[in-house]
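These notes are about the structure you will find just below.
Keep in mind that what you see is a predicted model, and the values were worked out from it rather than measured.
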Amino acid sequence: MTFSTISSFQPTTNKQLPQQLFTAKSVIPVSSDVLWRIERGIVRTLTWDEEGTFITLGYWGMGDVVGYALSKVKPYQIECLTSVEATIIPPHLWHEEIKALLSHIQQGEELLSILHQKPTSLKLWHFLLWLSEKFGRDLEQGRLIDINITHQDISEVLNTTRVTVTRLLQRFEAEGKILRHKRSIVMNLRTQLTEI
């Protein structure tokens with residue numbers, strides 16, 4: 001599974017678009033007539049069911065475009081996982097963000113395909129690969145997933161239990177497929193898919 005980042009197209013207008021700064025754990029305001037381009041930081045888009053269980057719709061970083069206009073899901077929320085700098089993109093400039101919009105669709109479909117894989121161990125492995133390709137950086141030991149994501153967060157994305165995620169991560173670590181780096185995960189990309 002490969003993931004290619006498509007950089008966003010910069011607006012050609014001379015007028016400087018408004019930017020806002022958000023702190024980690026804050027929520028970016030949503031409106032049907034506003035898109036946000038992430039200039040720095042990481043956000044996740046999410047919804048929740050009647051029982052209050054969170055459903056993660058995607059993880060987004062630099063160059064990605066997010067906003068309620070891209071979704072029909074209600075409720076819809078954009079949560080900052082780190083400090084974030086974002087630019088407001090008004091509707092009359094959306095056409096200039098075509099590469100970022102196509103990337104949004106591609107990432108959403110790639111994540112959806114991961115969620116339908118079986119068994120859960122394979123689903124988790126591909127999700128970790130997806131995160132490492134999108135938010136990773138190379139280290140001598142492998143590829144560091146440079147995003148603070150908890151076992152609970154992962155379980156919400158994969159529609160499984162936190163206990164299952166913890167057990168599988170411990171198994172991956174014991175088998176040398178991943179390493180722990182403080183609170184982050186380093187992927188051993190030499191691991192063959194058939195070994196999962």
Inset, instruction - Could you tell me whether Glu39 and Arg37 make a salt bridge, using a distance below 4.0 angstrom between a side-chain N and a carboxylate O? - result: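 Looking at Arg37 together with Glu39, the answer is yes, because their closest N to O distance falls below 4.0 Å.
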
Inset, instruction - Using a strict cut-off of less than 4.0 Å between a Lys/Arg side-chain nitrogen and an Asp/Glu carboxylate oxygen, indicate whether Lys177 and Glu173 qualify as a salt bridge. - result: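 The answer is no: the pair does not qualify as a salt bridge.
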
Legend entry - Contacts of type side chain to side chain donor-acceptor pair (under 3.5 Å), residue Arg44, not counting sequence neighbours: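 Once residues adjacent in sequence are excluded, the partners of Arg44 under the side chain to side chain donor-acceptor pair (under 3.5 Å) criterion are Thr56, Glu79, Glu156.
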
Is any side-chain heavy atom of [X] less than 4.5 Å from a side-chain heavy atom of [Y]?
| X | Y | value |
| --- | --- | --- |
| Gln20 | Trp36 | yes |
| Val186 | Arg180 | no |
| Thr53 | Trp48 | no |
| Phe172 | Leu124 | yes |
| Tyr59 | Thr45 | no |
| Thr161 | Ser155 | no |
| Leu35 | Trp94 | yes |
| Ile145 | Ser132 | yes |

Can you tell me how far the [atom1] atom of [X] sits from the [atom2] atom of [Y], to the nearest 0.5 Å?
| X | Y | atom1 | atom2 | result |
| --- | --- | --- | --- | --- |
| Ile185 | Ile149 | CD1 | CD1 | 8.0 Å |
| Leu102 | Ile105 | CG | CD1 | 5.5 Å |
| Phe22 | Glu85 | CZ | CD | 10.5 Å |
| Leu115 | Glu110 | CG | CD | 11.0 Å |
| Arg143 | Leu179 | CZ | CG | 15.0 Å |
| His126 | Leu111 | NE2 | CG | 13.0 Å |

Legend entry - Derivation and outcome, side-chain hydrogen bond (donor to acceptor under 3.5 Å, both in side chains), residues Ser83 and Arg40: CA-CA 8 Å; Ser83 60; Arg40 179 181 51 82; 3.1 Å; yes

Inset, instruction - Identify, with sequence neighbours excluded, every residue that meets salt bridge (Lys or Arg N to Asp or Glu O under 4.0 Å) alongside Arg162. - result: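 Salt bridge (Lys or Arg N to Asp or Glu O under 4.0 Å) check on Arg162 returns nothing, list empty.
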
Legend entry - Audit row: Met187, Leu129, side-chain contact (heavy atoms from CB on, under 4.5 Å) steps and yes/no: CA-CA 8 Å; Met187 303 290 292; Leu129 283 175; 3.8 Å; yes

Inset, instruction - Take Thr166 and Gln170 through the side-chain contact (heavy atoms from CB on, under 4.5 Å) test and state the conclusion after the steps. - result: CA-CA 6 Å; Thr166 299; Gln170 288 171 344; 3.7 Å; yes

Same cluster for [X] and [Y] if Ile/Leu/Val/Met/Phe/Trp/Tyr side chains link at under 4.5 Å?
| X | Y | value |
| --- | --- | --- |
| Ile89 | Trp60 | no |
| Leu57 | Ile154 | no |
| Phe127 | Leu169 | yes |
| Val165 | Phe54 | no |
| Leu101 | Ile28 | no |

Whether the side chain of [X] engages the backbone of [Y] through a donor-acceptor N/O pair (distance < 3.5 Å, no angle test) should be reported.
| X | Y | result |
| --- | --- | --- |
| Trp130 | Trp125 | no |
| Thr82 | Ile42 | yes |
| Asp64 | Ile38 | no |

Inset, instruction - Taking atom CG of Asn159 as the centre, report whether more than 12 heavy atoms of other residues, nucleotides or ligands fall under 6.0 Å from it. - result: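 For Asn159, atom CG is not crowded (no more than 12 foreign heavy atoms under 6.0 Å).
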
Determine all donor-acceptor pairs shorter than 3.5 Å in which one atom belongs to a side chain in residues 68-76; sequence neighbours excluded.
from	atom 1	to	atom 2	distance (Å)
Ser71	OG	Val73	N	2.9
Tyr76	OH	Gly67	N	3.3
Tyr76	OH	Gly67	O	3.2

Legend entry - Stepwise side-chain contact (heavy atoms from CB on, under 4.5 Å) check, Val65 with His104: CA-CA 7 Å; Val65 171; His104 188 95; 5.6 Å; no

Inset, instruction - Scan side-chain atoms only and decide if Ser103 and Gln107 contain a donor-acceptor pair under the 3.5 Å cut-off. - result: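 Present: a donor and an acceptor within the cut-off.
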
Inset, instruction - Considering non-hydrogen atoms only, spot the tightest contact between Asn188 and Gly176 and give its length. - result: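 Closest approach of Asn188 to Gly176, heavy atoms only: ND2-O, 2.9 Å.
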
Inset, instruction - Quick one: do Thr23 and Val84 satisfy side-chain contact (heavy atoms from CB on, under 4.5 Å)? Show the steps, please. - result: CA-CA 6 Å; Thr23 59; Val84 170; over 6 Å; no

